[in-house]
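To keep things clear, I will list the structure first and then write my remarks on it.
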Protein chains: 2
Amino acid sequence: MHTKLEIPKKSIYRLSIYQRCLDRLRENEIETVSSEALAKAAGVKPTQLRKDLAYFGQFGTRGLGYNVGLLADTIGDVLGRNHLQPVILVGAGNLGAALLHYGGFNKEGFEILAAFDRSPERVAHVATTSQIPIKLDTEFPEFIQKNGVKMAILAVPVPFAQQVATALVEAGILAILNFSPTILEVPAHVQVNAVDLAVELENLSYFIR
Amino acid sequence: MHTKLEIPKKSIYRLSIYQRCLDRLRENEIETVSSEALAKAAGVKPTQLRKDLAYFGQFGTRGLGYNVGLLADTIGDVLGRNHLQPVILVGAGNLGAALLHYGGFNKEGFEILAAFDRSPERVAHVATTSQIPIKLDTEFPEFIQKNGVKMAILAVPVPFAQQVATALVEAGILAILNFSPTILEVPAHVQVNAVDLAVELENLSYFIR
DNA sequence: AATTGTGAATTGATTCACAGCT
DNA sequence: AGCTGTGAATCAATTCACAATT
């Protein structure tokens with residue numbers, strides 16, 4: 001009997017980065033890449049790349065390197081990224097609306113199906129500038145269930161973040177990308193990644209003396 | 001003679017989070033907080049909070065806890081956040097323009113002085129919807145020097161990211177918040193924090209089976 | 001000859017456990 | 001009595017070094 005191998009969160013994270021690098025190699029029709037070259041592109045050490053991959057199996061050819069297409073597909077499978085993943089966005093204020101207009105998610109295999117906000121005025125207003133449908137918060141439980149949505153982007157003001165997160169989880173959401181600068185309490189089966197833009201900037205400012 | 005104490009990057013990062021929590025306590029006129037309570041709000045263990053603070057000195061009172069205002073000021077000093085920090089933004093495409101409209105940075109002690117883009121059309125277009133002045137890329141070296149800007153937010157397309165980063169560094173920028181999904185090569189004295197929205201989402205999708 | 005895959009060694013971060021103040 | 005500050009212990013991640021493979 002073997003112990004359930006514990007894969008570090010950071011390895012998973014780097015897998016996404018490797019895949020992006022592989023995508024670029026593929027665009028340039030490069031078929032083979034060594035751990036050294038790929039690691040360089042991803043900003044890590046070659047041994048780390050190899051260790052990360054080792055959690056999932058053996059994909060390289062000794063003496064040769066990795067097949068770009070094969071490795072990209074494998075990582076895509078691991079990350080569950082080989083099929084389009086539907087996402088909703090909750091909170092269409094400054095940042096939320098900004099993320100709606102930012103098209104970058106679609107290219108990477110995610111589709112924002114709809115956005116939600118608690119304010120009818122904002123729903124009406126944002127609706128005029130976005131192709132993505134925007135609805136009232138009250139509608140998201142039904143929407144999530146009907147469309148089998150598992151991922152949500154949360155960009156509501158701090159005082160509402162926890163209650164909205166709880167409602168999302170109740171409606172069946174399993175993963176939240178949280179832009180609200182606060183710690184969310186969620187059940188263990190729900191995964192939260194936080195992006196805190198102000199903290200990123202603030203953290204940088206330490207390093208400039 | 002003592003060795004230069006090496007402070008983990010992660011501790012610095014958490015310092016920013018602690019400070020945000022302290023700000024909220026201050027707003028609620030709470031004067032004292034224990035490591036346990038503050039750690040809970042920040043989503044870490046109390047011992048970790050204490051270890052993080054220990055890198056910079058002793059700020060608590062045994063038996064009592066920390067003085068909220070004092071600790072906030074101290075962390076603010078450490079992070080260099082007690083004075084307004086000027087920032088420029090380079091790249092006013094989808095995401096760049098979005099970040100411009102997002103006001104969240106100002107509240108946290110950062111001021112986006114100006115934005116820059118390489119396309120004259122975009123400069124003209126974004127100028128109509130933003131109060132922040134937007135100029136051509138070619139003008140940033142002079143602007144950086146004149147205004148003593150040390151931090152830049154980079155949101156240009158991947159093919160330009162490296163060359164723009166290099167130019168920013170040459171002009172005197174010391175810290176870059178990089179939204180372009182690529183690894184930047186910069187001299188050791190320059191600090192880069194990367195925010196890769198697609199990677200964050202992709203990483204989440206691993207955890208939903 | 002080149003390059004992967006991996007156990008062992010190392011380095012780093014977190015947590016424990018308790019001494020030291022107030 | 002309560003809570004911080006910190007050396008020691010543990011746990012986790014990274015890197016080394018080299019055997020295995022093409």
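Just so we're on the same page: letters track the sequence lines, and every chain starts at 1.
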[Y] and [X] side chains, donor-acceptor separation under 3.5 Å:
X	Y	value
Asn193(A)	Glu200(B)	yes
Thr166(A)	Glu170(A)	no
Ser205(A)	Arg81(B)	no

Just how far, in rounded Å, is C1' of dG5(D) from CG of Leu49(B)?
12 Å
Does Lys10(A) or Arg62(B) map to a spot on DNA chain D nearer the 5' end, using the closest nucleotide for each?
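Looking at DNA chain D, the more 5' nearest nucleotide goes with Arg62(B).
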[X] side chain N/O closer than 4.0 Å to the phosphate oxygens (OP1, OP2) of [N]?
X	N	result
Gln58(A)	dA20(D)	no
Lys51(A)	dT14(D)	no
Arg50(B)	dC16(C)	no

Nucleotide pairing, DNA chain C (Watson-Crick or G-U, distances under 3.5 Å), in dot-bracket with [ ] and |
||||||||||||||||||||||
NZ or CZ of Lys150(B) within 45° of Phe207(A) ring axis and under 6.0 Å:
no
Salt-bridge test for Glu108(A) and Arg20(A): reply yes if a basic N is under 4.0 Å from a carboxylate O, no otherwise.
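Looking at Glu108(A) and Arg20(A), the cut-off is met.
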Looking at Arg26(A) and Glu31(A), does any basic side-chain N land under 4.0 Å from a carboxylate oxygen?
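Between Glu31(A) and Arg26(A) there is no salt bridge, as every charged N stays at least 4.0 Å from the carboxylate O atoms.
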Name the nucleic acid region contacted by Ser35(B), choosing base, sugar-phosphate or nothing; use a 4.0 angstrom heavy-atom cut-off, strictly under.
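Sugar-phosphate, no base atom in range.
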